[in-house]
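Heavy-atom basis, side chains included; hydrogens, waters and symmetry copies ignored. Nothing here was measured: the structure is a model prediction, and the numbers come from that model. Here is the naming used below: chain letters follow the sequence lines, and residue numbers restart at 1 for every chain.
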2 protein chains.
Amino acid sequence: MTKQEKPENNLSTEEKFKAAARVVFTKKGYAATKTRDIAEEAGLNLALLNYYFRSKENLFEIVMQEKILLLFSLISPIVNDDSTSLEQKIDGISVRYIDMLLQNPDLPLFVLSEIKNNPERFGKNFQVDNIIMRSHFVKQIAERNKTINPVQLILSFIGMLVFPFIAKPVLQGSGVVTEEIFSQLMDERKQLTARWMKMMLD
Amino acid sequence: MTKQEKPENNLSTEEKFKAAARVVFTKKGYAATKTRDIAEEAGLNLALLNYYFRSKENLFEIVMQEKILLLFSLISPIVNDDSTSLEQKIDGISVRYIDMLLQNPDLPLFVLSEIKNNPERFGKNFQVDNIIMRSHFVKQIAERNKTINPVQLILSFIGMLVFPFIAKPVLQGSGVVTEEIFSQLMDERKQLTARWMKMMLD
DNA sequence: GTCTATAGAGGGATAGAC
DNA sequence: GTCTATCCCTCTATAGAC
């Protein structure tokens with residue numbers, strides 16, 4: 001992927017900017033990203049960026065909203081589904097979340113680090129408390145195991161699912177895994193995390 | 001903590017800069033950090049920063065080296081100790097790593113995100129492969145469970161230990177935990193991660 | 001070693017022609 | 001809507017007095 005001659009897709013100018021912004025912001029982070037980088041990645045004129053989005057910050061917010069939605073839109077319906085068993089939820093989350101992360105490997109590290117570096121930007125944007133901690137899923141966990149704080153179990157579950165993707169740059173950089181080995185590992189990991197999570201409940 | 005009147009400690013000028021750099025770099029990340037921020041945090045003149053460290057990048061490298069050392073110096077002797085059992089290693093790592101992270105809560109997110117945003121800076125800096133993956137600890141795991149890839153177990157173990165600290169900004173920002181609740185959870189978590197990790201081995 | 005002043009480059013944003 | 005040219009502020013780094 002060199003810089004010249006991006007494939008001429010049929011996206012609107014605005015969408016091309018958003019696509020480019022996703023790539024560059026995710027790769028370098030907000031502060032290190034130059035609007036010129038985005039324009040170049042999009043193959044478009046720099047002035048157009050401000051014409052469409054008014055500011056770098058504005059464009060970033062749009063991208064970030066999408067990313068956060070991606071993080072939660074998948075998990076929210078599953079954990080709040082009253083009709084499924086605890087085991088079904090665990091299986092469903094494991095498979096679908098890892099699949100989503102395989103499509104968006106740097107999503108978690110990007111979102112978490114941007115929030116850490118600039119917490120003010122995200123005032124109450126996060127409904128972790130409402131969406132996850134008060135979910136049907138957590139209620140089922142609390143019923144099943146009355147001695148362990150459900151937060152501990154949730155942290156372990158999400159940690160097992162997400163951490164490999166957070167550590168991915170280091171794993172690859174230090175030669176522990178290649179791209180395809182990593183994908184294989186994550187694929188077999190779906191079963192493992194589900195199995196381990198169920199074990200932890202007892 | 002306002003900006004004026006930092007406590008007049010007895011550190012040398014150089015050490016004051018390093019201390020300030022640790023704070024600011026960790027809080028905002030490399031790209032968003034201005035040398036003026038560091039000088040202000042240190043209560044020192046901006047020109048002195050370049051006198052002592054030549055450049056922002058140089059100072060950052062020094063801080064980063066320290067952080068990486070902190071991440072590995074604790075775990076390395078434990079995982080490479082031939083004289084302890086697998087269970088002893090699990091217990092030791094759980095307790096000591098969480099204690100270290102309680103002292104340095106934003107260490108993992110800082111290091112991992114800086115590496116992701118600028119992988120070129122870290123050419124082979126990371127001996128994850130040598131220090132961890134070829135350790136006595138991993139050999140013991142492989143012996144104990146011959147069906148599961150040890151990488152999977154290591155990822156889960158480290159993930160369970162580290163993820164809560166990576167998610168900490170979000171957990172606090174969304175009101176799931178306060179600072180002291182978080183500390184309590186992490187304290188009781190030492191036992192939990194050890195117990196869970198042992199369960200996973202079978 | 002420590003300061004003030006400033007060089008010099010970079011980068012976000014806009015004016016104004018087309 | 002799209003372009004070129006450019007404004008102007010910010011930031012790193014250094015020159016040079018003390």
Side-chain angles (χ1 to χ4, degrees), chain A residues 3-65 110 113-114 117-118 120-121, chain B residues 3-65 110 113-114 117-118 120-121:
Chain A
K3 288 170 190 176
Q4 68 275 33
E5 292 304 322
K6 296 278 158 188
E8 289 293 288
N9 36 27
N10 315 338
L11 297 174
S12 68
T13 301
E14 192 169 338
E15 282 304 322
K16 282 184 192 167
F17 270 120
K18 287 210 262 180
R22 276 190 283 270
V23 171
V24 183
F25 278 137
T26 306
K27 182 172 175 188
K28 304 212 225 184
Y30 176 79
T33 294
K34 305 164 191 51
T35 52
R36 285 170 171 81
D37 298 337
I38 298 174
E40 191 184 356
E41 172 76 24
L44 294 169
N45 188 285
L46 170 60
L48 288 175
L49 190 150
N50 289 89
Y51 175 78
Y52 280 99
F53 300 96
R54 291 180 31 105
S55 70
K56 172 187 174 183
E57 171 116 18
N58 222 348
L59 178 52
F60 178 77
E61 301 287 0
I62 292 170
V63 170
M64 196 51 149
Q65 289 295 337
F110 171 68
S113 68
E114 292 297 337
N117 289 344
N118 207 337
E120 309 82 50
R121 228 200 291 267
Chain B
K3 290 169 186 177
Q4 67 273 33
E5 293 302 324
K6 299 276 159 190
E8 289 293 290
N9 36 25
N10 313 339
L11 298 174
S12 69
T13 300
E14 192 170 339
E15 283 303 323
K16 282 183 192 168
F17 271 120
K18 288 211 263 180
R22 276 189 284 268
V23 171
V24 184
F25 278 136
T26 305
K27 181 173 176 186
K28 304 211 220 183
Y30 175 79
T33 294
K34 303 162 190 57
T35 51
R36 285 175 170 83
D37 298 336
I38 298 174
E40 192 185 356
E41 172 76 25
L44 293 169
N45 187 285
L46 171 58
L48 288 175
L49 189 151
N50 289 87
Y51 175 79
Y52 281 99
F53 300 96
R54 290 181 32 102
S55 72
K56 172 187 173 183
E57 171 118 18
N58 221 347
L59 177 52
F60 178 76
E61 301 287 0
I62 292 170
V63 170
M64 197 51 151
Q65 288 295 338
F110 170 68
S113 68
E114 291 297 336
N117 288 346
N118 206 337
E120 309 82 51
R121 229 202 290 268

Query raised in the report: Can a side chain N or O of A:N50 be found less than 4.0 Å away from OP1 or OP2 on C:dG12?
Result: no
**Report entry** Sugar-phosphate only, base, or nothing, as touched by A:S12 at under 4.0 Å among non-hydrogen atoms
**Finding:** nothing
Query raised in the report: Expressed in angstrom and rounded to an integer, what is the separation of A:K34 atom NZ from D:dC11 atom P?
Result: 14 Å
Requested in this report: Let me know the distance between CG of B:L48 and C1' of D:dT12, rounded to the nearest Å.
Outcome: 15 Å
Query raised in the report: For A:K56 and C:dG12, what is the distance between atoms NZ and P respectively, to the nearest whole Å?
Result: 5 Å
Query raised in the report: Given atom CG of A:L46 and atom P of D:dT2, what is their separation to the nearest angstrom?
Result: 14 Å
Report summary line: In whole angstroms, the gap separating C1' of D:dT4 from CG of A:L44 amounts to 16 Å
Requested in this report: Starting at atom OH of A:Y51, determine the distance to atom P of D:dC3, rounded to an integer number of angstrom.
Outcome: 12 Å
Requested in this report: Find out whether A:R121 and A:F60 are in side-chain contact, i.e. whether some heavy atom of one side chain is under 4.5 Å from a heavy atom of the other.
Outcome: yes
**Report entry** Within 45° cone and under 6.0 Å: A:K56 NZ/CZ vs A:Y30 ring
**Finding:** yes
Query raised in the report: So do B:Y51 and B:N45 actually touch side chain to side chain, heavy atoms under 4.5 Å?
Result: no
Query - Closest listed nucleotide, where the reference is the side chain of A:T13 and the choices are C:dA13, D:dT2, D:dT12 - result: D:dT2
Report task. Mind checking A:Y52 for me? I need base, sugar-phosphate or nothing, with any heavy atom below 4.0 Å counting as a touch. Result -> sugar-phosphate
Report task. Round to a whole Å and report the spacing from CG of B:D37 to P of D:dC11. Result -> 8 Å
Query raised in the report: Rounding to a whole Å, what distance do you find between A:K16:NZ and D:dG1:C1'?
Result: 13 Å
Requested in this report: Examine C:dG12: is either OP1 or OP2 under 4.0 Å from a nitrogen or oxygen in the side chain of A:T35? Give yes or no.
Outcome: yes
Report task. Would you indicate whether the side-chain heavy atoms of A:E41 and A:D37 approach each other to under 4.5 Å? Result -> no
Report task. Using a 4.0 Å heavy-atom cut-off across all strands, classify B:R36 as base, sugar-phosphate, or nothing. Result -> base
